[in-house]
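To start, the structure under review is shown below, and the notes come after it.
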Amino acid sequence: MPIAVDIDVMLAKRKMSVGELAERVGITPANLAVLKNGRAKAVRFSTLAALCEVLECQPGDLLRWETDGAADPAVP
């Protein structure tokens with residue numbers, strides 16, 4: 001997928017766990033893991049806004065566009 005999710009990068013910068021972020025954002029750790037691992041098909045703007053508020057960042061710090069195949073080297 002050409003959209004890469006960098007939530008793990010921001011978590012490391014903020015020294016925050018996935019569980020803490022999920023609790024503060026108000027989503028389940030399982031749903032956050034789906035988003036964090038790039039398996040989500042969509043994200044609500046309200047969820048993105050809550051992530052940005054808690055992590056004190058911009059949406060571009062969490063999401064970035066990559067050319068096809070760049071995110072997954074196994075894709076031909």
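Quick note: numbers below take in every heavy atom, side chains included, and nothing from hydrogens, waters or symmetry partners. Everything quoted here is computed from the prediction, not taken from an experiment.
- The minimum heavy-atom distance between Pro59 and Cys52, with the atom names listed, is N-SG, 3.5 Å.
- Under the 4.5 Å side-chain criterion, counting only non-hydrogen atoms from C-beta, Ile7 is not in contact with Val18.
- Within the structure, the salt bridge (charged side-chain N to carboxylate O under 4.0 Å, His left out) test picks out no pair touching residues 43-61 (sequence neighbours left out).
- To the nearest 0.5 angstrom, Leu35 atom CG is 9.5 Å from Leu21 atom CG.
- For Glu20, the salt bridge (Lys or Arg N to Asp or Glu O under 4.0 Å) partners two or more places apart in sequence, or in a different chain, are Arg24.
- Taking SG of Cys57 as the start and CZ of Arg14 as the end, the distance is 6.5 Å to the nearest 0.5 Å.
- When the side-chain contact (heavy atoms from CB on, under 4.5 Å) test is applied to Pro29, the partners found at least two apart in sequence or on another chain are Ala22.
- Residue Leu62 holds its CG atom at 12.5 Å from CD1 of Ile3, rounded to the nearest 0.5 Å.
- Val34 and Ile27 are not part of a single hydrophobic cluster, where members link through side-chain heavy atoms under 4.5 Å apart.
- The shortest distance between side-chain heavy atoms of Val43 and Val5 does not fall below 4.5 Å.
- Checked against side-chain contact (heavy atoms from CB on, under 4.5 Å), Asp8 has the following partners two or more places apart in sequence or in another chain: Lys36.
- Criterion: ILVMFWY side-chain heavy atoms under 4.5 Å apart, direct or through other members. Under it, Val9 and Leu63 are not part of a common hydrophobic cluster.
- With sequence neighbours left out, Arg64 forms a side-chain hydrogen bond (donor to acceptor under 3.5 Å, both in side chains) with Asp6, Glu66.
- Put simply, the side chain of Leu55 does not reach to within 4.5 Å of the side chain of Val25, judged on heavy atoms.
- Applying the side-chain hydrogen bond (donor to acceptor under 3.5 Å, both in side chains) criterion to Ser17, with sequence neighbours excluded, gives no partner residue.
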